[in-house]
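Let me begin by presenting the structure, written as C-alpha cells, before commenting on it.
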Amino acid sequence: MFSDVGGLEILTLIVMAIIIFGPDKLPKLIQDTMGFIRKVRSFADNAKEDIRSELGPDFKDFDFEDLHPKTFVRKQLLGGNEDPLGLKDMKDSLDLRSVLDDKPAAPVNGRSGSVSFDKPAAPAAAAAGAPLQPGERPPFDPDAT
C-alpha cells in the first residue's frame, strides 16, 4: 500500500505533523489514531468470523484472500495447483551436493585417476594408428603444427 513512500516523504510528513499539531498535542493524536485503527481491525475480524460462522462447516477453511480477482483467476485457471509445471518436484529431486562434492572422478572406460587438461587425449583409434572410419574426423593436435 505504502511501498512507494520513501524516507524523505516520511520525514516530511513527520515535520509537517509537528508543525501543524505541535509537539504537545502530537502524542495524544497518535494515541487516538492507533486506538481507532485497533477498533477498525477488531470490527473487520469480527465481521470475518461472523461470515465464516454463517457459511457453516463447509466453508471453515475459506480464506478472504481468495476473493481477490488475481487469486480467484489463478486458482480457477490452474485448478488450485500452485506449481503447475512441477518445478518444485524437480528442484527437490536435484541433489547439488553430490554434484559439487570434491570426490575423485569415477573410473571411465576402466581407467581410474584424475583427468589432465594440459594436453588433449587422442582417441584410441588414432593413437593406435588405425585408419579413420567414414564420417570420422581426425583428432585435433595443437602440437602438430
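Contacts classified as salt bridge (charged side-chain N to carboxylate O under 4.0 Å, His left out) and involving residues 28-37 (residues at least two apart or in different chains) are given here: Lys28-Asp32.
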Throw together a table of side-chain donor-acceptor distances under 3.5 angstrom for residues 42-53, partners on residues two or more places apart or in other chains.
| from | atom 1 | to | atom 2 | distance (Å) |
| --- | --- | --- | --- | --- |
| Ser42 | OG | Arg38 | O | 3.4 |
| Ser42 | OG | Lys39 | O | 2.9 |
| Asn46 | ND2 | Ser42 | O | 3.2 |
| Glu49 | OE2 | Arg52 | NH1 | 3.4 |
| Arg52 | NE | Phe62 | O | 3.2 |
| Arg52 | NH2 | Phe62 | O | 3.2 |
| Ser53 | OG | Glu49 | O | 3.3 |
| Ser53 | OG | Asp50 | O | 2.9 |

Listing, residues 10-24 side-chain donor-acceptor contacts under 3.5 Å, not counting sequence neighbours, or none:
| from | atom 1 | to | atom 2 | distance (Å) |
| --- | --- | --- | --- | --- |
| Thr12 | OG1 | Leu8 | O | 2.8 |

